[in-house]
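Everything below concerns the one structure shown next.
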Amino acid sequence: MARQLEKKYDPADFESRLYAEWESKGYFKPSGNKNAPAFSIVMPPPNITGQLHMGHALDNTMQDILTRYKRMCGYDTLWLPGTDHASIATEAKIVEAMRKEGVSKEDIGREGFLKRAWDWNDKYGNRICEQLRKMGSSCDWDRKRFTMDEGCSEAVKDVFVKLYEKGLIYRGTRIINWCPHCRTSISDAEVEYKDMDGSFWHIRYPVKDSDEWVYLATTRPETLLGDTAVAVHPDDERYKHLVGKTVILPLVGREIPVVADEYVEMDFGTGVVKITPAHDPNDFEVGTRHGLPLENMLTDDARITENYPKYAGMDRYEARKAIVKDLEEGGYLVKIEPLKHNVGTCYRCGTTIEPRASLQWFVSMKPLAAPAIEAVKNGDVRFVPDRFSKNYLHWMENIRDWCISRQLWWGHRIPAFYCDDCGELTVTKEDSAVCPKCGKPMRRDPDTLDTWFSSALWPFSTMGWPDTDAPDFKRYYPTTTLVTGYDIITFWVSRMIFSGLEHTGKKPFSDVLIHGLIRDSQGRKMSKSLGNGIDPLEVISKYGADALRFTLATGNSPGNDMRFSDERIESSRNFANKIWNAARFVMMNLDRECDTDNIVTETLAEEDKWVLSLYNKLIKEVRENLDKYELGIAVSKLYDFIWDVFCDWYIELVKPRLAEKGSETNIAAQATLTYVLSNTLKLLHPFMPFITEEIWLTLPHKGESIMISEYPRYDEKLDFPQAVASVNALIESIRAIRNRRAEMNVPPSRKAHVIIVSPRGRELFGGKEAYFVRLASAAGVTVADKCDPEGTVRIVTGDCEIFIPLADMVDLEAERARLAKELEAAENEVKRAEGKLANAEFTSKAPEKVVNNEREKLEKYKALAEKLRASLLSLK
RNA sequence: GUGGGUGUAGCUCAGUUGGUUAGAGCACUUGCUUGACAUGCAAGGGGUCGUUGGUUCAAGUCCAUUCAUCCACACCA
């Protein structure tokens, strides 16, 4: 053997070494085999500000499992990595760092700021990629992209100009969500609503030239400054006489009209609503219908404007206090009620959003949404699990126009130019544009685009689009599967779908595999503020990447959250350790080169055939599970096979034969051990790439690496049903004997006398005496035509009876009780089966297989009950 | 308000198109220095699958009801 495994399993010994080898040998690159089907995934690009967290770890483990599996199945496989410039998050981070230096954005200007941002990207943008390497991610790093690299930027410009020319991007004044902290607009999707305690202020406005008042209530009294009307319902008899009249705005003295609008609900409150078109989406609509002026009363950082000298410069909450106080003193305040209401907050910084009328760029969504809805409805794009298509459709069907302009510097600058001279607006991909109308130089729009605008193009902008002849675009687009969490379906998945359809005419991917969140051991979200996050890198350094990946794959069912705990990661590490030691055992018993691609079946013992059959079944099931994205099920089957079948039974059964060096049976045992181990490692490789490679390379093997070997295929030549039945019977008997000995507290040092089996045992266990000796503490096995029940403990299985001469240890009373209990259970089964079979409905309607199964079971339990009865009798 | 998830052993969770006696890990009890592994081995206890009803020959699995819990979206000033 070229190399032996270290005695102790220590993943740090080999994980990074193997990764470097794989990468340097180019195994992560697509095979380029034109005859093979393509399989492609684009990695959801992590933010350049980000550090690897458990969410990334899960997402990338799942992608890597699929990629490695498909690669081994012979697909031409591309997993394309990259990073996202994350405009708002990155900008906030840099501004914060600058604040500590006492420098502001304005101080250094746009150029200076962008330089800092690019420096940041150079310094930290690659950090997360290094961390993904530690996970074992087999993505093609040579194809790594960045949302602001040249190609992606070109795609963004192209898309913007095309959509503008089609009339699907427009500029207009609308109510948008304004974050006073980030000082930018954000989209509807970026607003998080939180329940907060607030108050309901009831106030009254005097009607002009009358002693009447109108009573109304508001959660935001300070917006009174921006009121340009009050509204009532047109059918409201109480207020009909007021419509068209004028009320006087308290504190301000502005005269504003009373308008009639159906938006007002008569039954709610007093039926009168103050209308602040510049600071409320609904009021904006009312304002538009009635031609009301927009009165913007707040600055960018949510302070009162100079228009209201008494309050100017106060922030919105200070102003609220001052205004309430003034209202009270002026006799306008009626009462204050406590109220819980939902307040929109910025998803990045948590600041309360200020709805604000503002001139921004928008994408007209309705026309783009229609085909995106259709693609999911007709199954062209499939969500796994399916229930998420409902979320998606709900979002798409109720979609509003997408505000895409951001008052930030870090990002794709909007390719729109304004001529200050003639007022012309030009949208063009050219950078230094001259006004097409008057030839004067133009001023570029200072705003940048929403980060998600470029993310939406990711599946094709990374493949060379807008060049539709780009080789990657032609070969790997549309991609096969997108793997992501349910939390960004609206942000990202939906936008990729409509963008792909609109710009490439094709869906961006066929399947969307959704996973849940990783929670802590108490089920809480991992968050910085709670400090309960578990760092995947720490887990890797302590337990290894394989253990982390295995933990993330185990119990992974699509769309569901999972908890992460020390117990689970330890159990995964123990599994890795188990494999390691099993492999060491196999190797120390090898004295010849074994063929791991083929196995000669003629000389195999029954247990060899047994393990091969179970292995063969495993291949079929694991492949089926992986094809259906059932990663958690596949991995638990591998676990059970390796631990229970291969280690606990097969290795134990085969041990005696390993001592018989040079014999035919010894050779067969070595061959089977090696064959099954080596190929099971292949099955496991997508889940635990490092340990499987390290062991596989040490075993006899053909080829350079397990990761480019062929994934095992089901082979009917390896099915041996008779051997399976026979070895299962053996195992059942050994278990039963152990069980009896344990129950009777037989000390392990005490070998039983020779075990006697009933005649049926001759066929069942002929030649298998050694197993009983080794595994069931027997001194030997004899077959008796007629057993002496005196002085033995009896064990009855479905197939035969076993007698152990341990009479001196038997409490006859307890023995009888035990047999009686077993008999009762058997009789109950007989009754149940008989009842079922007596039911004509069952026998006629149930599938034949199920009925036959029931018949066999009935026979089995009848025989068992019969034997138990005989045993009981003989004890009397 | 609308939509959705979850509820299975003490804990955390699997359970694939309905079909043997419902599984695992951890925890627990008992016994083992078994020449691969104590990160281990063997044996064991522990569940009326949230409730009630229905469909079916057959329900943890499908339908309805209800309770609990979580989430998403939308929100009336």
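Letters A, B, ... are given to chains in the order of the sequence lines, protein chains preceding strands, and every chain is numbered from 1.
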What's the [atom1]-[atom2] distance between [X] and [N], to the nearest Å?
| X | N | atom1 | atom2 | result |
| --- | --- | --- | --- | --- |
| A/E743 | B/U30 | CD | P | 16 Å |
| A/R400 | B/C73 | CZ | C1' | 12 Å |
| A/R519 | B/C11 | CZ | P | 19 Å |
| A/D644 | B/A43 | CG | P | 10 Å |
| A/E192 | B/A72 | CD | P | 8 Å |
| A/E567 | B/A24 | CD | P | 18 Å |
| A/F575 | B/G40 | CZ | P | 12 Å |
| A/Y347 | B/A72 | OH | P | 15 Å |

For [N] and [X] - does any side-chain N or O of the residue sit under 4.0 Å from the phosphate oxygens OP1/OP2?
| X | N | answer |
| --- | --- | --- |
| A/K655 | B/A36 | yes |
| A/N589 | B/G35 | no |
| A/R735 | B/A43 | yes |
| A/R738 | B/A43 | yes |
| A/W643 | B/C41 | yes |
| A/N391 | B/G3 | no |
| A/N282 | B/C76 | yes |

Taking the same atom, [atom1], in [N] and in [M], what whole-Å distance lies between them?
| N | M | atom1 | value |
| --- | --- | --- | --- |
| B/G5 | B/G50 | P | 15 Å |
| B/G23 | B/U30 | P | 25 Å |
| B/G60 | B/U8 | C1' | 7 Å |
| B/A42 | B/A27 | P | 16 Å |
| B/C41 | B/G47 | P | 26 Å |
| B/G15 | B/U39 | C1' | 28 Å |
| B/G7 | B/G44 | C1' | 29 Å |

5' priority, RNA chain B, between A/E841 and A/T218 [closest heavy atom]: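 Mapping each residue to its closest nucleotide by heavy atoms, the 5'-most match is A/E841.
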Please tell me which of A/H394 and A/G271 maps to the more 5' nucleotide of RNA chain B, matching each residue to the nucleotide holding its nearest heavy atom.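 The residue whose closest nucleotide sits nearer the 5' end is A/H394.
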In the strands shown, is [N] matched to any nucleotide by a Watson-Crick or G-U wobble pair with both distances under 3.5 Å, and which?
| N | result |
| --- | --- |
| B/A68 | B/U6 |
| B/G1 | B/C73 |
| B/A42 | B/U30 |

Nearest to the [X] side chain among [options], which nucleotide is it?
| X | options | result |
| --- | --- | --- |
| A/K628 | B/A77, B/U16, B/G40 | B/U16 |
| A/D648 | B/A43, B/U16, B/A42 | B/A42 |
| A/S557 | B/A14, B/A77, B/G44 | B/A14 |
| A/K274 | B/U16, B/A77, B/G19 | B/A77 |
| A/K637 | B/G15, B/U16, B/A77 | B/U16 |
| A/E265 | B/A36, B/A14, B/A77 | B/A77 |
| A/S571 | B/C76, B/G25, B/C37 | B/G25 |

I'd like to check A/T276 versus A/T218 (side-chain heavy atoms, cut-off strictly below 4.5 Å). Are they in contact?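 No, their side chains stay 4.5 Å or more apart.
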Do the side chains of A/N556 and A/L552 get nearer than 4.5 Å, heavy atoms only?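 Contact flag for A/L552/A/N556 side chains = no.
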Run the salt-bridge test on [X] and [Y] with the 4.0 Å N-O cut-off and return the result as yes or no.
| X | Y | result |
| --- | --- | --- |
| A/K8 | A/D10 | no |
| A/E354 | A/R220 | yes |
| A/E824 | A/K821 | no |
| A/E834 | A/K831 | no |

If you take atom types as modelled and just measure distance, does the side chain of A/N853 reach the base of B/U20 with a donor-acceptor pair under 3.5 Å?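 Not at all, since no donor on one side and acceptor on the other fall under 3.5 Å apart.
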Donor/acceptor link under 3.5 angstrom from A/K8 side chain onto base of B/U39: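 Donor-acceptor pair under 3.5 Å: yes.
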Can you label the angle between the A/Y486 ring and the A/F388 ring as parallel, tilted or perpendicular, going by 30° and 60°?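 Geometry flag for A/F388 against A/Y486: parallel rings.
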For A/E285 and A/Y263: C-alpha separation, side-chain torsions, deciding distance, then whether side-chain contact (heavy atoms from CB on, under 4.5 Å) applies. CA-CA 9 Å; A/E285 308 266 312; A/Y263 152 71; over 6 Å; no
